Every structure is written in structure tokens, then in C-alpha cells.
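Accompanying notes for the structure given below.
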Amino acid sequence: MFTASAIMNMKNHMFLTYPLLCFLFLSSFVYGQLDYKYYDTTCPNLTKIVRNGVWSAISNDTRMPASLLRLHFHDCFVNGCDGSILLDDTSTFTGEKNAFPNRNSARGYEVIDAIKANVEKACPSTVSCTDILTLAAREAIYLTRGPFWSVCLGRRDSVTASQSAANDQLPSPFEPLVNITAKFVSKGLDVKDVVVLSGAHTIGFAQCFTFKRRLFDFDGSGNPDPTLDSSLLGSLRSVCPNQSDSDSNLAPLDAVTINRFDNVYFKNLMNNSGLLESDQALMNDNTTAALVSNYSRNPSLFSKEFAASMVKLINIGVLTGQNGEIRKNCRVVN
């Protein structure tokens with residue numbers, strides 16, 4: 001982690017890899033609505049407020065960077081980056097919070113609530129929850145020594161959410177690579193984005209139920225996954241014994257550098273030490289395996305291309321202009 005002064009010093013000397021790319025994936029209409037300086041006059045301290053909120057959250061919970069990034073990813077992948085994942089259920093719709101990929105696993109809602117409250121004090125009814133979540137995810141990764149990417153702003157919030165859409169559209173660790181890739185392609189992403197964004201698993205934890213079959217009964221064989229490193233197998237079995245009450249136990253996605261955003265995830269895959277079956281599956285395809293190999297050897301390349309993929313992700317299906325709204329409370333429609 002960095003001190004606050006170190007963060008600001010690094011920010012001043014930072015190489016912004018992709019200052020313009022966010023517009024490349026938008027329609028001409030949206031291009032005119034989003035702007036890096038969107039809140040410069042209406043909420044000039046926005047980035048500072050978000051950064052301080054994320055810093056405070058990380059200080060209290062080292063898992064929070066991964067949680068905020070995952071929350072943002074799960075928002076953008078379901079009908080676009082529109083803050084729909086933040087909405088509570090209502091009498092008119094069942095939202096995304098209790099969809100299978102999010103139930104008892106999506107975290108960070110209270111962090112976004114706290115940041116939103118501080119933003120509302122400074123700039124009432126001005127900044128969308130979607131933009132706050134987008135900035136919070138960026139700051140969370142940067143504060144764990146990951147890359148920085150420029151964020152164009154001006155997104156608006158959805159007025160509905162869909163549990164069924166979340167169940168259908170979000171990639172699952174239980175799916176084969178071809179299915180996961182198809183879901184990425186449906187969002188305007190590609191196979192390189194699959195690999196590079198999977199690199200986010202260099203931080204965070206997974207519940208045992210998401211990988212337990214690799215430990216005890218892979219493909220119904222009664223044996224462990226033969227591709228799983230034997231020493232990792234032993235340590236995981238101690239965390240996740242073969243009993244149902246261990247399903248919610250946690251194991252780090254990258255046990256080597258748990259709280260640091262780096263390229264060790266890819267080195268782990270090269271050593272048959274990916275935690276999720278969907279992660280290790282990247283080594284079973286020539287195209288994705290070549291990308292894994294490249295990122296495992298070149299951390300700068302991974303950082304650069306992660307930033308580029310995030311710029312693509314954060315502009316999926318955004319609402320602008322008169323579409324959607326600016327929520328006052330991220331959990332409810334105005």
C-alpha cells in the first residue's frame with residue numbers, strides 16, 4: 001500500500017497510457033455526452049472525494065480493492081455500466097444483488113454509499129452513482145500498485161435492474177472458456193480482454209464452492225484436477241475440507257502476492273497454480289496461453305493492456321443525456 005503523499009507524488013509523475021481511448025468504443029452521440037472534464041466546474045473535488053473514500057475503505061479492509069473492481073465489472077457486464085447492481089429490489093423489479101453470481105459474494109455497496117454521501121454534501125444531485133463506482137474501481141486498483149487509466153465522465157444511472165439478466169450475462173467460473181469468451185464478445189470485447197481482465201484475479205479471494213470440485217471430484221472422477229499443482233492442492237484441501245460447511249471459506253486467488261496488483265497471477269497459471277478452473281483453462285487454448293505467457297514475462301505489458309481493456313469495459317452500454325437519472329441514493333431510484 002502507499003501513503004497518501006506517495007500516491008500524490010506518483011500521480012504527478014504518472015504516464016497516462018490511454019488518454020483518449022475511452023471514446024473509441026462509443027457512438028458519436030455518446031461521444032458528445034462524456035468528457036474527462038465533465039464535473040470540473042460542477043464538482044471539482046470529485047476525484048479527491050472518491051480517492052479518500054476508497055483509501056479509507058482499504059485501510060479497514062484489504063479485500064476491498066478486489067471487491068470494488070468486481071462490483072464494477074458485474075455492473076458493466078449486465079446491460080452496461082449503469083449502476084444497476086447497486087439497486088435494492090422493489091415491488092416492480094427484482095434486482096441484481098441476489099443473482100447467483102452476486103449473492104453472498106458481491107461486496108463494497110457500503111463503500112459506494114459512503115462516498116456518494118460525501119459527494120452529495122459537496123455537489124448535490126450532480127454525480128451519478130455509476131461514475132462514482134467507475135472512479136472507485138480505478139482508484140482501488142491504483143492504490144494496490146496497479147495501473148491508472150483515464151476515465152471520461154457523465155454516465156447516468158439506470159432506473160431498473162434485472163436479476164435474470166445478471167444470471168444470464170455474467171461469466172461463471174464453472175463455464176468453459178468458449179462460453180466465457182462468447183459473453184465477452186457480446187459486450188464488444190475480445191479474447192485478449194478475456195485474458196487481461198482475468199488478470200484482475202491477482203487480488204481478491206474466492207469461496208471454496210467455486211473451486212472445490214477441483215480438489216476432490218473433478219469431472220465426477222473422484223480424483224482431483226490433474227492439472228492442479230500438488231502442493232497447492234494440499235494447502236487448498238486444508239482450507240476447504242470436503243464437507244458442505246467449508247463452502248464459504250475463502251482462499252486467495254493469488255496466494256503469492258495477495259494484496260498487490262501485479263502479473264503474478266499469470267506466473268501462477270504457468271505453474272498450474274490457478275485457483276479457479278476458468279483461470280487455469282486459459283492455458284488449454286493456444287491463443288490465450290500465448291497471452292498468459294507474454295503477461296507472465298512482461299509486467300509492464302500487462303499493466304498497459306489491463307488499462308486499455310478497462311477503458312473498453314467502462315464504456316459498455318452507458319446512459320447519457322436524458323437517459324436514466326442521477327440518483328440521490330445509490331440503492332433506490334429517485
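Note that the coordinates shown come from a computational prediction; the quantities given were computed from them, not determined experimentally.
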Distance-only polar pair, side chains of [X] and [Y], donor-acceptor under 3.5 Å:
X: T202; Y: R260; result: no
X: R51; Y: T47; result: no
X: Q163; Y: K97; result: no
X: S125; Y: R327; result: no
X: D254; Y: H201; result: no
X: T130; Y: D82; result: no
X: S84; Y: E96; result: yes

(request) Would you please name every residue forming a ring-ring contact (aromatic ring centres under 6.0 Å, His included) with F77, sequence neighbours left out? (result) F73, F184

(message) Test of understanding: with ring-ring contact (aromatic ring centres under 6.0 Å, His included), list the residues that count as partners of F211, not counting sequence neighbours.
(response) none

(message) Between K187 and D193, does any NZ, NE, NH1 or NH2 come within less than 4.0 Å of an OD or OE carboxylate oxygen?
(response) no

How about [X] and [Y]: do any of their side-chain heavy atoms sit closer than 4.5 Å?
X: I141; Y: R138; answer: no
X: L232; Y: S273; answer: yes
X: T42; Y: V127; answer: no

(request) Give the ring-plane orientation class for F100 versus F209, where under 30° counts as parallel, over 60° as perpendicular and anything between as tilted. (result) perpendicular

(request) On the 0 to 90° scale, with breaks at 30° and 60°, tag the F302-Y295 ring pair as parallel, tilted or perpendicular. (result) tilted

